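Here's the structure, in structure tokens; my notes come after.
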Amino acid sequence: MARPVNRCRPALRLLWPATLRNRLTLLVATGTLVLLTGIAFAVAVQARASLLASTRQRIPNEAVFARSAQLGSVPGMALVIDVSHSSGVVMHTFIGITHKAHTGRVPLCTPHVLSSESLATQREDVCLAKGDTQRKSADVYIAGEHDLVSEGNLSLLPWTDPVHGPVPIRRQATVVPEHNLDLIYIRSLSPEQAHLNTAVWQLAAGTLGLTLVVAGSTWLVAGRVLRPVEAIRADFAELSAHHLDQRVTVPRAGREITRFADTMNSTLDRLQSAVDRQRQFTADASHELRTPLACLRTELELALHHPNTADWPRVVRAAHDDTLRLQALTTDLLLLARLDAGHTDQPPGPPIDLTDLVRDETSRRTPPPHLTLTVHVRPEPIAVNGQQALLARVLGNLLDNAERHAASTITVRLAYDTEHRQAVLEVLDDGLGIPPEDHQRIFERFSRLDDARTRDDGGAGLGLAIAARIATTHRGTLTIAPSSQGAHFLLRLPTSTPPPQDPLTPAASSGPTEAT
């Protein structure tokens, strides 16, 4: 069954900026907007509370209002009460009010009178209500204390109509107690609402403006900070495998960017060195493979041109020798490739007894008649982690090199370094030795020194390189120690467990073993 396609994901990706500069700007702008909005909201709430509190303080409370009304006056007003009776029922109530040099009648309290709409041309008004009045018509307000009395309220929405929007302040006072007749004082909050609207608009404009300023500043600063990175990217994009000698420009834009450019240049240095080594390795391998192939082809062509006079057994033996040389060379090249890639023929096994490995490898060798092989090993086992085949290859390559250049004696010693907890394997010969300046170059691939160490028996210069690479793979080292005569190779490998005896002195199980 076909997997359903998520069509919302591309749309969501379009909302997220593609560049780091825009992403940073968006994140900073969003954070700033949220923070400033919260601050502006808190300021607006505080401003609304302050406006309401200051307005309420200027108006007498209900208790003062009621006491003044019973005396015939209300602060700021002069009242004249005239009540008409008919059979003990209040039929018409008229109150003459003198307020701001204006005299008139007080209307009955209706929803229109109790709202801010009736205060469009003035800020204060009064109306009459009876506490137990029931609805007689659509124009008569249902008198209820919770409807007649209000502390007022302002809206935080800046587009609120100052005249019709806010809830006015309403105070109640009983003017005729025997008839439960109340006077409702109404005060509009339109000036306060207009002032609050202006303050909210100013806060909104300030929040938006400051957010834009912060976003613009972030965009400019991010662009300036990332400009050297873009220059480095442009320089790096111009590089290719054929122009690895170029380097990116190190800007003076801060320690972090400078370190970034230096790291890229050092990486390019290592990359160029690796590519140069690979090219040199390919050239050397091609040269080494071409030589036996050319010899093999020449011998076969000569034999084919003179089939009747050719010594076919000799031709076959020569071809066989060249084939073996090609096989050994390709095997070494394949092993180096696997070691470089981190792959080996078999996974790591249990710890290896290096003492038994040295004994087995040296006992199987048959040195040339003019050489004597002396072996000094410890009687106790020395356990190391690794692959036995690869470690045996290291010892074999060192012995091959010693047999090729020794004059009369080859010495193998195995000991344990208690200070560094390492197994130490030494292979010495009494040949001409290696100059100190070539101690490092001898481990390079296809490396050959002077005539004293030439490929007299077909050596391709890979044995020591393979041995050093195997030692590195096993977290060890292969070096050349100073020697008064001949070459002195020193292999150090970390041990898994220390042997029973600690001193770093070569001990023989039953005396040195000699093979001639």
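Not measured: the values here are computed from a predicted model. All residue numbers in this chain count up from 1 along the given sequence. Keep in mind that the numbers below use all heavy atoms, side chains included, and drop hydrogens, waters and symmetry copies.
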Hey, are the side chains of [X] and [Y] touching, using non-hydrogen atoms and a 4.5 Å cut-off?
| X | Y | answer |
| --- | --- | --- |
| Glu403 | Leu371 | yes |
| Gln388 | Leu357 | yes |
| Leu154 | Val167 | no |
| Val221 | Arg224 | no |
| His376 | Val412 | no |
| Tyr416 | Gln422 | no |
| Leu52 | Arg56 | yes |
| Leu399 | Ile410 | yes |

Has [X] got more than 12 heavy atoms of other residues, nucleotides or ligands less than 6.0 Å from its [atom1]?
| X | atom1 | result |
| --- | --- | --- |
| His195 | NE2 | no |
| His370 | NE2 | yes |
| His164 | NE2 | yes |

Approximate separation, where rounding is to 0.5 Å, of [X] [atom1] and [Y] [atom2]:
| X | Y | atom1 | atom2 | result |
| --- | --- | --- | --- | --- |
| Ile232 | Ile257 | CD1 | CD1 | 6.5 Å |
| Arg413 | Leu428 | CZ | CG | 5.0 Å |
| Leu425 | Leu478 | CG | CG | 9.0 Å |
| Gln485 | Thr409 | CD | OG1 | 8.5 Å |
| His474 | Leu390 | NE2 | CG | 5.0 Å |
| Ile352 | Gln387 | CD1 | CD | 7.5 Å |

Practice problem: Can you run down the salt bridge (charged side-chain N to carboxylate O under 4.0 Å, His left out) pairs that involve residues 304-318, sequence neighbours left out, and say none if there aren't any? | Solution: none

Self-check item: Of all pairs that satisfy salt bridge (charged side-chain N to carboxylate O under 4.0 Å, His left out), the ones with a partner from residues 298-310, not counting sequence neighbours
Solution: Arg297-Glu301

Taking only residues two or more places apart in sequence, or in another chain, which ones meet [X] in a salt bridge (charged side-chain N to carboxylate O under 4.0 Å, His left out)?
| X | result |
| --- | --- |
| Asp269 | Arg247 |
| Arg48 | none |
| Arg364 | Glu361 |

Determine the minimum heavy-atom distance between [X] and [Y], stating which atoms define it.
| X | Y | value |
| --- | --- | --- |
| Leu373 | Pro367 | CB-CG, 4.4 Å |
| Pro158 | Asn197 | O-CG, 3.3 Å |
| Ala423 | Ile382 | CB-CG2, 3.6 Å |
| Ala471 | Thr477 | CB-C, 4.1 Å |
| Leu414 | Leu354 | CD1-CD2, 3.7 Å |
| Phe443 | Ala468 | CD2-CB, 3.9 Å |

Exercise. Using only heavy-atom distances, determine whether the side chains of Thr263 and Arg259 contain a donor-acceptor pair under 3.5 Å.
Key: no

Practice problem: Compute whether any side-chain donor of one residue and acceptor of the other, for Ser273 and Arg270, lie under 3.5 angstrom apart. | Solution: no

Exercise. For side chain to side chain donor-acceptor pair (under 3.5 Å), just list the numbers for Arg359 and Thr355, CA-CA rounded to whole Å, side-chain angles, deciding distance to a tenth of an Å, and then say yes or no.
Key: CA-CA 6 Å; Arg359 287 173 179 169; Thr355 302; over 6 Å; no

Practice problem: Could you walk me through whether Val427 and Leu395 pass side chain to side chain contact (heavy atoms under 4.5 Å, CB included), step by step? | Solution: CA-CA 8 Å; Val427 178; Leu395 180 56; 4.2 Å; yes

Practice problem: Please list, chain by chain and in numerical order, all residues satisfying side chain to side chain contact (heavy atoms under 4.5 Å, CB included) with Leu203, sequence neighbours excluded. | Solution: Ala40, Val43, Ala44

Quiz item: By side chain to side chain contact (heavy atoms under 4.5 Å, CB included), which residues pair with Trp312, not counting sequence neighbours?
Solution: Ala303, Leu304, Pro307, Ala310, Val315

Quiz prompt | Qualifying side-chain hydrogen bond (donor to acceptor under 3.5 Å, both in side chains) pairs with a residue from residues 20-43, counting only residues at least two apart or across chains | solution = Thr19-Asn22, Asn22-Trp219

Quiz item: Is there a side chain to side chain contact (heavy atoms under 4.5 Å, CB included) between Glu192 and Leu196 once you walk through the steps?
Solution: CA-CA 6 Å; Glu192 288 79 5; Leu196 183 61; over 6 Å; no

Exercise. Under the side chain to side chain contact (heavy atoms under 4.5 Å, CB included) rule, what do Asn401 and Leu464 come out as? Steps first, then yes or no, please.
Key: CA-CA 8 Å; Asn401 182 79; Leu464 295 179; 4.1 Å; yes

Using the test side-chain hydrogen bond (donor to acceptor under 3.5 Å, both in side chains), find all partners of [X] that sit at least two apart in sequence or belong to another chain.
| X | result |
| --- | --- |
| Ser408 | Asp430 |
| Arg227 | none |
| Thr160 | Ser155 |
| Glu230 | Arg233 |

Quiz item: Is the backbone of Gly463 close enough, under 3.5 Å, to the side chain of Asn397 for a donor and an acceptor to pair up by distance?
Solution: yes

Quiz item: Taking NZ, NE, NH1 and NH2 as the nitrogens, is one of them in Asp360 or Arg365 under 4.0 Å from a carboxylate oxygen of the other?
Solution: no

Exercise. Before giving the answer on side chain to side chain contact (heavy atoms under 4.5 Å, CB included), spell out for Leu432 and His405 the whole-Å C-alpha distance, their side-chain angles and the decisive distance to 0.1 Å.
Key: CA-CA 7 Å; Leu432 297 179; His405 306 291; over 6 Å; no

